[in-house]
Participant: 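Below are the structure tokens for one structure; questions will follow.
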Amino acid sequence: MKIVVKYYTVMCMAAGYCREEEIIFEGQHNVYTLLQFISEKYGGQMKKNISSLLKGEKNIIWVFINGHRIKDDDYHLNLKEGDVVVLTTPLLVGG
Amino acid sequence: MSKHWNGWAGKILWVDLKNKSCKIETLSPKLAYGYLGQSGINARLLYDLAPRGMDPFDPAAPLIFGVGPLGGTLAPCSGRFTVTAKSPLTGIFGDSNCGGHWGPELKMAGYDHIVITGQAEQPVYIWIDNDRVEIRDARHLWGKDTWETDAAIKKELGDNTVQVACIGPAGENKVRFAAIICNLARAAARTGPGAVMGSKKLKAVAVRGNMGVSVARPGQFREAVAQAVEAIRNDPLYEVASTFGTTAITGLAQMLGFLPTRNFQQSWFEDGEKLRGEILLEKYVVKHKGCFNCPVSCSRYYRVTDGRFAGTAGEGPEYESISALGSKCGNSNLESILHANTLCNRLGLDTISTGNVIAWAMECYQRGIITDKDTGLGALHWGDHEIIVELVEKIARRQGFGNLLAEGALRAARKIGGTELVVHSKGMDYPAVDVRGTKGMALSFAVSPRGGDHLKGLPMYEVGPEIYAKDIKEQLGIEVTPNYWLEYATKPHLMRWHENWHCVVDSLGICKLEGIALKPLLPVHFRDLLAAATGWDLEVPELELIGERIWNLERMFIVREGIRRRDDLPPARMFEPISNGPAKGEILNLEKFNQMLDEYYTLRGWDQSGVPTKEKLLELGLH
Ligand code: SF4
């Protein structure tokens, strides 16, 4: 199963400025296991960000699947071939 | 015995350029307690000094600089000042808020406001060295860009720490959206105050102040400052703001589908990924920068090292500039955007109106309203970054086709056609949000006293509803839903609250990025900072009432100029469905928008034509 993951703002920095990548999985995976995979892959700040996201400590990471924001308790949601997952921080407006 | 002021410096400097005379007046308590300072007092002064119908370029028209009672103090993000004048772009109320270090310097020189009237016979600049004020010859500076002017004045005065607010060629040529620039990149740009300055033949205002700012209760003030700084540092978005500044928005705007593209014909840019703040940070940012006493330092210094734009350096650009000179013009060449941004700062142009007028011209070209012959530059194709850069220069110098564009999109369209393609409110171009998907923002842009504007009523609660849900409930009693931005209901209530508090923040002198009256700084922070700085104890509702008074005063200014309900409607394009991207199909519904407007007017205590009622004015002491 091929998933496209896009990283924005601090998540992009935590992924070493990777803005987008394809992740290929064997078998069934859900959002939770994808986040764990990314956490292990990048470690460091990414691990911290994902850990606080999963613990619901600071509501600063938004997860979108195919353009729809998932709710905080939807990490068990199964992923399917071609899904686009976005990891970002909330909107800041100004300028 | 004259009053000893704390927080406020207690003085207004009046300069008459025609007679080359200055006088210093004591700040009246009525002004300070009625309108707080900075943008609030500026607005009152403009209301009193610029009668209905006055031409913004009339020599008698006032150009007003103001700093708030927290400006130049230890309060975080207190480096702001506001320039207020009748707008040459819109012909109605104009003001522009600016960061950097100039505002605090003025305060430390002992002034809260400068009111400049008259027109000099020859170019001049004003030199304020604490209580010594001189009007100096600036003939040798005329024609120089803002960077050259800044350097020349510092050299001439033999002091590299002097703060200079100046205009470039755009202001000299009265380009209707010309900016006043300080610290090389900080701009008072929207509504075109640089053109008013140019019309007065005033090249710069240089300030040196070392008198400090006294506060009423130093211990209490330190405590209030510590709490405000803690709130800023604990904000979940602190890291994003201090790392990316507003450029963090670019990728998200694209992802959510509100990135204006090709003059708002689309809301998603197929090459939008190339404009992301993350790329800017990785490839071009060499250091971070901040305004006076700012714990966030959201600004960034960039440098382009190779390619066509090698050697380009500067500060910014903000999200708004990236969109204006980028996606709105179909331009995905980030280096050209950095170059155009630097050019705008050096020539003294508002990046938003500059990008918008070029985007409008490109759409006119696309639709055959203008041809190669009209432009004198050949084709105006979307995304042609060379032509964009060339047009920036031509607009500032009013050369050829640039002379038409220097009038702003609406005036230019009235001359050659294409008025229906101008995306504006009251003559000022829309910022970089497609409001078809954000209904409160649509209302905000529509009713702002200075026209299409994201900063007078910036509804942060609307676009980040979940992280702010608790605050929205506490402050306004509104329960939000995940797609709150798409709803019409509750938005008039939300906007009224935001607008009132933005008036307070802009009048105290705190930066909007942190002081947006919700997060991280809340109304109680402003109340506490003001009380400790000035010794004036107010309750939160009393402070909001002052904000409401300022908002109504600004409304009265534009009502006096003939603005009514018909002018509070979004432009035609916002009533067409979004044509592409994640927000495809989103549209403003005219009937629902009118219902929002009805409710907004009622909540405001205005009649249904948008005029504040006598009762409301009486209640606010504005009769
Ligand atoms: S947050 Fe940014 S714009 Fe605001 S005062 Fe700080 S550096 Fe200036």
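Chain naming here is simple, since letters A, B, ... match the order of the sequence lines and numbering starts at 1 in each.
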Participant: What residues form a ring-ring contact (aromatic ring centres under 6.0 Å, His included) with A:Tyr8, not counting sequence neighbours?
Facilitator: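 For A:Tyr8, no residue satisfies ring-ring contact (aromatic ring centres under 6.0 Å, His included) once neighbours in sequence are set aside.
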
Participant: Just checking heavy atoms, which of residues 9-17 of chain A are less than 4.5 Å from chain B?
Facilitator: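 If one takes a 4.5 Å heavy-atom cut-off, the residues of residues 9-17 of chain A near chain B are A:Thr9, A:Val10, A:Cys12, A:Met13, A:Tyr17.
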
Participant: List the steps and the verdict of side-chain contact (heavy atoms from CB on, under 4.5 Å) for B:Ile279 and A:Arg19.
Facilitator: CA-CA 9 Å; B:Ile279 300 178; A:Arg19 293 189 298 278; 3.4 Å; yes

Participant: So if I take each residue of residues 266-276 of chain B and look for any heavy atom under 4.5 Å from a heavy atom in chain A, which residues do I end up with?
Facilitator: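 The stretch touches chain A at B:Glu273, B:Arg276.
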
Participant: With a 4.5 angstrom heavy-atom cut-off, could you sort out which part of A:Thr88 is near chain B: side chain, backbone, both or neither?
Facilitator: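 Side chain only.
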
Participant: Checking A:Phe64 against chain B: side chain, backbone, both or neither under 4.5 Å from a heavy atom?
Facilitator: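 For A:Phe64, the side chain is the part near chain B, not the backbone.
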
Participant: For the CD atom of B:Glu278 and the SG atom of A:Cys18, what is their distance to the nearest 0.5 Å?
Facilitator: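 Here the rounded value is 11.0 Å.
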
Participant: For A:Phe25, what residues pass the ring-ring contact (aromatic ring centres under 6.0 Å, His included) criterion, not counting sequence neighbours?
Facilitator: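 Partners of A:Phe25 by the ring-ring contact (aromatic ring centres under 6.0 Å, His included) criterion, ordered by chain and then number, come out as A:His29, A:Phe37.
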
Participant: If you count heavy atoms of other groups shown closer than 6.0 angstrom to NZ of A:Lys48, is the number above 12?
Facilitator: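 It does not: A:Lys48 NZ has 12 such atoms or fewer within range.
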
Participant: With a 4.5 Å cut-off on heavy-atom pairs, point out which of B:Leu256, B:Thr243, B:Leu281, B:Thr247 contacts chain A the most.
Facilitator: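 Ranked by contacts with chain A, first place is B:Leu281.
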
